[in-house]
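Everything numeric in this text was worked out from a predicted model, so none of it was measured.
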Amino acid sequence: MLSEDDFRKLRIPLAHGTGAIPATGFGTLIPDPIVTKRATIAALEAGFRHLDAAERYRNEAAVGEALQEVFDAGKIRREDVFITTKLWNTNHRPARVRPAFDASLHRLRIDYADLYLIHTPFAFQPGDEQDPRDAQGKPIYDAGVTLAETWGAMERLVDDGQARAIGLSDITLDTLREIVSVARIKPAVVQVESHPYLPEWELLDFCNAHGIVLLAFAPLGHGMEPRFLDDPVITDIARRLHKTPAQVALAWAAQRGTAFLTTSTSPAHIQENFAISPLPAEAMEEIRARITTNIRFNSVVTTGVPGFIPRAS
């Protein structure tokens with residue numbers, strides 16, 4: 001079994017990209033830019049070396065400021081931090097992919113991305129309005145581009161060397177299979193909702209078979225009901241191991257071979273979420289065998305509309 005320090009610093013090599021993704025990651029979906037910067041610095045100081053950003057979060061500039069401040073202080077080097085960002089739905093047309101990518105790099109103050117993801121497989125009406133809606137309030141989709149065409153434009157970013165790896169987010173297994181079957185450069189990572197109440201075992205098996213890393217968002221359930229952190233299986237294990245339920249859930253995610261993203265604005269919670277320890281084998285088996293609830297908290301996989309992101313104003 002890995003030591004606590006090695007477990008927290010675990011990195012998963014990318015079979016279809018350059019480098020290795022840290023198993024422990026910090027998500028930057030935080031509405032307020034000032035709080036975003038403060039939390040990002042706290043995450044780096046706590047030990048996180050993967051930052052997950054996105055154009056749609058509308059705070060890449062704040063993440064970039066935090067990175068610049070930490071790098072300028074000489075505390076951490078750029079090459080030590082794995083930085084992910086994402087292509088938004090309104091930029092799926094191939095001609096829009098490169099400008100969107102370059103704009104994200106500029107806001108983040110970096111000259112390459114370790115990982116660039118298609119935020120969702122749904123193309124929205126192209127333009128500056130991130131959340132285009134019709135008169136009935138329904139999303140306006142773009143029928144003029146396919147996901148495979150967008151993927152081809154993503155592959156060209158890898159060819160140019162500025163995206164070290166590419167992948168997909170909010171994807172179903174069927175759609176992932178379609179892209180894997182036509183891709184010249186296979187997805188290195190897929191980011192999906194996953195936690196003890198949505199383990200996505202079939203998707204994980206497919207990813208393992210094809211050298212794809214599964215990156216879990218909402219590994220703590222995003223505070224939504226039903227709260228699996230209150231599940232007796234999780235709380236009993238936490239009590240036995242003298243850990244918090246959150247630390248048990250995050251350790252479970254890393255130990256089963258996935259990477260995860262956790263978000264907090266509290267320095268104490270950020271430190272707690274990094275301070276995970278390996279679980280005994282019987283605890284891993286207990287979670288798999290005894291937890292039977294299956295629930296998805298975010299409907300983005302069916303609509304392309306992220307359930308955890310406020311509507312753009």
Side-chain angles (χ1 to χ4, degrees), residues 11-22 25 28 49-61 63-68 71 76-124 126-128 130 142 144-171 175-176 178-191 207 210-213 215 259 261:
R11 289 184 177 238
I12 306 170
L14 298 180
H16 305 299
T18 300
I21 185 170
T28 63
R49 291 297 179 266
H50 176 200
L51 297 179
D52 178 83
E55 173 190 357
R56 182 61 181 84
Y57 298 168
R58 302 166 72 90
N59 64 358
E60 284 177 313
V63 176
E65 289 177 14
L67 287 166
Q68 193 68 55
F71 295 156
I76 301 169
R77 302 174 301 169
R78 165 66 183 97
E79 55 266 34
D80 295 329
V81 183
F82 190 99
I83 301 173
T84 297
T85 193
K86 308 181 193 74
L87 177 80
W88 182 235
N89 297 357
T90 52
N91 292 317
H92 275 216
R93 295 204 173 198
R96 297 180 65 89
V97 172
R98 164 62 75 172
F101 176 70
D102 288 343
S104 283
L105 294 190
H106 177 74
R107 288 187 292 265
L108 290 166
R109 304 190 187 192
I110 56 178
D111 55 13
Y112 69 91
D114 295 279
L115 177 64
Y116 195 47
L117 302 175
I118 297 177
H119 202 143
T120 90
F122 295 87
F124 285 179
D128 294 331
Q130 290 187 330
D142 181 8
V145 62
T146 67
L147 185 59
E149 289 170 335
T150 306
W151 186 256
M154 297 282 285
E155 291 174 326
R156 290 189 283 277
L157 298 177
V158 178
D159 295 336
D160 293 343
Q162 284 187 287
R164 301 289 176 87
I166 52 177
L168 299 148
S169 178
D170 300 317
I171 196 92
T175 304
L176 176 59
E178 292 172 9
I179 292 300
V180 167
S181 70
V182 301
R184 174 171 57 88
I185 299 173
K186 299 293 190 289
V189 174
V190 295
Q191 183 181 135
C207 287
H210 291 83
I212 301 168
V213 176
L215 173 60
L261 298 168

Flag, side chain of [X] to backbone of [Y], donor-acceptor distance under 3.5 Å:
X      : Y      : result
Trp151 : Val180 : no
His16  : His210 : yes
Lys86  : Ala53  : yes
His92  : Thr120 : yes

Atom [atom1] of [X] and atom [atom2] of [Y]: how far apart are they, to the nearest 0.5 Å?
X      : Y      : atom1 : atom2 : value
Glu55  : His119 : CD    : NE2   : 10.0 Å
Phe101 : Leu87  : CZ    : CG    : 10.5 Å
Asp52  : Ile83  : CG    : CD1   : 11.0 Å
Trp88  : Thr90  : CH2   : OG1   : 7.5 Å
Ile179 : Met154 : CD1   : CE    : 10.5 Å
Phe122 : Ile171 : CZ    : CD1   : 8.5 Å

Mind checking whether [X] and [Y] have side chains closer than 4.5 Å, heavy atoms only?
X      : Y      : result
Leu168 : Pro121 : no
Tyr116 : Thr84  : no
Pro99  : Asn91  : no
Tyr57  : Val63  : no
Leu115 : Leu14  : no
Arg109 : Glu65  : yes
Gln162 : Leu157 : no

So, for [X] and [Y], which heavy atoms are closest and what is the spacing to 0.1 Å?
X      : Y      : result
Glu60  : Ser104 : OE2-OG, 2.9 Å
Ala165 : Gly17  : CB-CA, 4.0 Å
Leu176 : Val190 : CD1-CG1, 3.7 Å
Ala183 : Lys186 : O-NZ, 3.2 Å
Pro94  : Arg156 : CB-NH2, 4.1 Å
Pro187 : Ile212 : O-CG1, 3.3 Å

Pairing residues for Val182 by the side chain to side chain contact (heavy atoms under 4.5 Å, CB included) criterion, not counting sequence neighbours:
Ala148
Determine, for Tyr112 and Arg78, whether the Lys NZ or Arg CZ falls below 6.0 Å from the six-membered ring centre while staying within 45 degrees of the axis.
yes
Consider side-chain contact (heavy atoms from CB on, under 4.5 Å). Of Arg164, His50, Arg49, which one does Phe82 pass it with?
His50
Going by an N to O cut-off under 4.0 Å, is there a salt bridge joining Asp159 and Arg184?
yes
Basic-acidic side-chain contact under 4.0 Å: Asp102, Arg98:
yes
